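Below: the structure, in structure tokens.
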Amino acid sequence: MFSLNGTNFPNDSLSGVSRCLIQSRKKVSFPMVVASVSPNGRPADRNVSVLMENTLKEMKENSPVIEKDSKSTVTGGVGDVYGEDSATEDQTITPWNFSVASGYSLLRNPHYNKGLAFSEKERDSHYLRGLLPPVVFNHELQVKKLMNNLRQYDVPLQRYMAMMDLQERNERLFYKLLMENVEELLPVVYTPTVGEACQKYGSIFRRPQGLFISLKEKGKILEVLKNWPEKKIQVIVVTDGERILGLGDLGCQGMGIPVGKLSLYTALGGIRPSSCLPVTIDVGTNNEKLLKDEFYIGLRQRRARGQEYAELLDEFMSAVKQTYGEKVLIQFEDFANHNAFDLLAKYGTSHLVFNDDIQGTASVVLAGIMAALNLVGGNLAQHKFLFLGAGEAGTGIAELIALEMSKQTGAPLEETRKRTWMVDSKGLIVRSRMESLQHFKRPWAHDHEPVKELVNAVKLIKPTVLIGSSGTGKTFTKEVVQAMATFNKKPVIFALSNPTSQSECTAEEAYTWSEGRAIFASGSPFAPVEYKGKVFVSGQGNNAYIFPGLGLGLIISGAIRVHDDMLLAASEALAAEVSQENLEKGLIYPPFANIRKISAHIAAKVAAKAYELGLATRLPQPENLVTYAESCMYSPSYRSYR
Ligand SMILES: O=C([O-])CC(=O)C(=O)O
Ligand SMILES: [Mg+2]
């Protein structure tokens, strides 16, 4: 290991060294080391470390001093010591850097490859001559070309595969494309298409993405983490694949979800791709179809439960903390109810953990409700909520609503919870069912006679807000929506289950059955609907609005724990981004096109809360948290090498 400007470079994996300079538009240039790594990671050339050291010595002596004016000073993201991914567009400097390869290997390194965008000069100095056709494209033309290509695919899964190939080929192009076409491409890399991709993951599997930790790795998880090429991890999204969206147990094929969520962390929240780690814990699957599928990629056994499961998870959680420290954010995603609540409770006090399905969904729905109040009137405590589905999303949302209500009115939680009713697969959750209820449902068992059907519960409870979080599609029938519309001038309806096939109703159904009066949002996107000559645009009440900004806020403040007040802060920040113009169209969420700005605002509010609660470790607190959050966001602009 040797050190340069405070960064440690391993010298045991270098097989050759070439130098290049990174050029800024301001003509401040820095030497950069581009070193190639041999396929087996061992030095191919015994003289390499000597050469490396000499080169570095020479570079140290010759390197210019960074100008100190505010424009050229590298701001840097958190942990991005040299500002490599800084969002500051007016400087394209990548100072001291350690990367891999030149020539052919450079073209195959997705972090550094620019494809046809390598300049003539770069082609000369990086041994790329002849490896590329003569034309030089700029980044914009590459984006245009790829969008043209993508639009020619009729099958959504083909688009997904094309996007994954691009991510594996040219990371900066992938993110530029996604960021600039977020509304069009979100349904490709995320819900609904990612659901289908997970279902067919074995068949479409080409290159592994993320880290697979199965029961086979028990006792070796620390070593497995060391196999991952990046060392400075800031966010992990982990699933055990037991409840992938509303599609059920997809076992190891759930990997598509952590991969997709993390690409949104980068595209929507500006977290550097190199600091994101997708993980799938494979303890088997109870999906008989997959167990019989010859192309299934996971462990061919039924799910481990109880102690065996708990031990593997515990080893993982300890190994992560030991490897990446106290401040790595671990997002639990798509675990089944019976594990999700327990894991969150167990690790919430020792790790920086967050369950997206419980907490992220809660925060996004509360934001939507806050925005909807501008349309329907009244304050939160004057509304009545009925849920179909009392799992992670349902009870998570209900609890956050009760918490916010309690903050607003000063009433105790036990009281504010009474504004919410829940229907599960056995009917309305009432006190007489208490004994047989799972613990997370119990706070929602109120005094009422038993009611079996949702439609009857709607008629009897008369909620102002109806929320579907059951993972089961087509459950908001015409009768249910019409009932909502009989006693509400503007019924608020959320059909949150994903992907689209599991949505409780479609946007079209919500608007037509309510005669154009519903305020509607769904977990997966729906196209605008025309009803009686008016166009209705529905919002996407998906946790993708929240987790990228929340994660950014936690990272920039160096938070060590997630607190419910941070979720409330995130909801308020998101609701504040809904404009009058959005509301006039019936939209209770701002357009995703503005998501980077929204994420910066959410991050700032979350970070401010972390400082207020004494949970932040990055001191002193930056003066303007929005500006600071923005300055920490990854930019996919190409850097120039020379
Ligand atoms: O992934 C999504 O679209 C939202 C989510 O967390 C889920 O449905 O489990
Ligand atoms: Mg989820």
Side-chain angles (χ1 to χ4, degrees), residues 156 160 182-183 185-199 201 235-250 253-265 267-269 278-281 330-337 339-341 343-344 353-365 367-368 387-389 391-397 400 467-473 475 494-504 521-526 538-551 567 570 574 589 592 595:
Y160 175 87
V182 67
E183 291 187 321
L185 295 181
L186 212 54
V188 177
V189 299
Y190 194 55
T191 186
T193 313
V194 71
E196 190 188 352
C198 288
Q199 288 174 310
Y201 211 74
V235 188
I236 293 173
V237 176
V238 57
T239 188
D240 72 355
E242 193 170 2
R243 196 235 71 201
I244 294 299
L245 310 177
L247 301 170
D249 184 349
L250 297 183
Q253 303 197 163
M255 180 56 104
I257 296 294
V259 168
K261 293 269 174 186
L262 283 165
S263 43
L264 303 199
Y265 259 107
L268 279 47
V279 176
T280 293
I281 307 261
I330 305 167
Q331 172 165 321
F332 292 120
E333 191 71 49
D334 292 8
F335 283 76
N337 289 333
N339 287 320
F341 290 102
L343 290 173
L344 188 59
V353 292
F354 159 71
N355 183 303
D356 189 35
D357 303 297
I358 301 174
Q359 298 168 295
T361 308
S363 184
V364 81
V365 173
F387 286 76
L388 176 64
E392 294 160 61
T395 61
I397 300 162
L400 204 64
I467 301 176
S469 53
S470 61
T472 318
T475 38
F494 288 85
L496 295 175
S497 296
N498 296 312
T500 318
S501 58
Q502 309 309 107
S503 192
E504 283 77 6
S522 55
S524 296
F526 282 105
S538 59
Q540 192 179 350
N542 190 293
N543 45 36
Y545 272 112
I546 292 289
F547 68 77
L550 175 76
L567 302 175
L574 177 57
Y589 291 101
F592 261 117
I595 188 68

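Given the structure is predicted, the values throughout are model-derived calculations rather than measurements. If you read the sequence from its start, that first residue is 1, and numbering goes on from there. Side-chain atoms are counted along with the backbone in the values below, which use heavy atoms only and exclude waters and symmetry mates. Order of appearance sets the numbers: ligands from 1, and atoms from 1 within every ligand.
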Quiz item: Atom CZ in F354, atom CG in L567: separation rounded to 0.5 Å?
Solution: 6.5 Å
Exercise. Using distance alone, with no hydrogens and no angle criterion, decide if Y160 and E196 have a side-chain donor and acceptor under 3.5 Å apart.
Key: no
Quiz prompt | ligand 1 atoms in contact with R243 (distance to a heavy atom under 4.0 Å) | solution = 7 (C), 9 (O)
Quiz item: Side chains of T239 and E333: donor-acceptor distance under 3.5 Å anywhere?
Solution: no
Quiz prompt | Any N/O pair T191/ligand 1 closer than 3.5 Å | solution = no
Exercise. Check each heavy atom of L496 against ligand 1 and say whether those closer than 4.0 Å belong to the side chain, the backbone, both or neither.
Key: neither
Quiz prompt | Separation between CG of N339 and CD of E392, rounded to the nearest 0.5 Å | solution = 9.5 Å
Quiz item: Do ligand 1 and T361 have nitrogen or oxygen atoms that lie under 3.5 Å from each other?
Solution: no
Exercise. With rounding to the nearest 0.5 Å, note down the distance linking CZ in F332 to CG in D357.
Key: 11.5 Å
Self-check item: Taking atom 3 (O) of ligand 1 as the reference point, the nearest protein heavy atom with its distance
Solution: N542 ND2, 2.8 Å
Quiz prompt | Per-atom contacts of ligand 1 with Y190, taking only distances under 4.0 Å to non-hydrogen atoms | solution = 1 (O), 2 (C), 3 (O), 4 (C)
Exercise. Select one of side chain, backbone, both or neither to describe which atoms of V194 lie under 4.0 Å from any atom of ligand 1, heavy atoms only.
Key: neither
Quiz item: Between K261, Q331, Q540, which one has a non-hydrogen atom sitting closest to atom 1 (O) of ligand 1?
Solution: K261
Self-check item: Sphere of radius 2.8 Å around the Mg ion (ligand 2) - protein N, O or S atoms inside
Solution: E333 OE2, D334 OD1, D357 OD1
Practice problem: Would you sort out whether Q502 and L245 count as a side-chain contact (heavy atoms from CB on, under 4.5 Å), showing the intermediate values? | Solution: CA-CA 9 Å; Q502 309 309 107; L245 310 177; over 6 Å; no
Quiz item: Can you tell me how far the CG atom of L574 sits from the CG atom of L550, to the nearest 0.5 Å?
Solution: 11.5 Å
Quiz item: Can you tell me the protein heavy atom closest to atom 4 (C) of ligand 1 and the distance?
Solution: N498 ND2, 3.2 Å
Practice problem: Would you confirm whether D249, through its side chain, and R243, through its main-chain N or O, come within 3.5 Å as a donor-acceptor pair? | Solution: no
Quiz item: With distance as the sole criterion, is a donor-acceptor pair present between the side chains of S503 and S524 under 3.5 Å?
Solution: no
Quiz item: Looking at side-chain heavy atoms only, is the closest gap between N498 and N542 below 4.5 Å?
Solution: yes
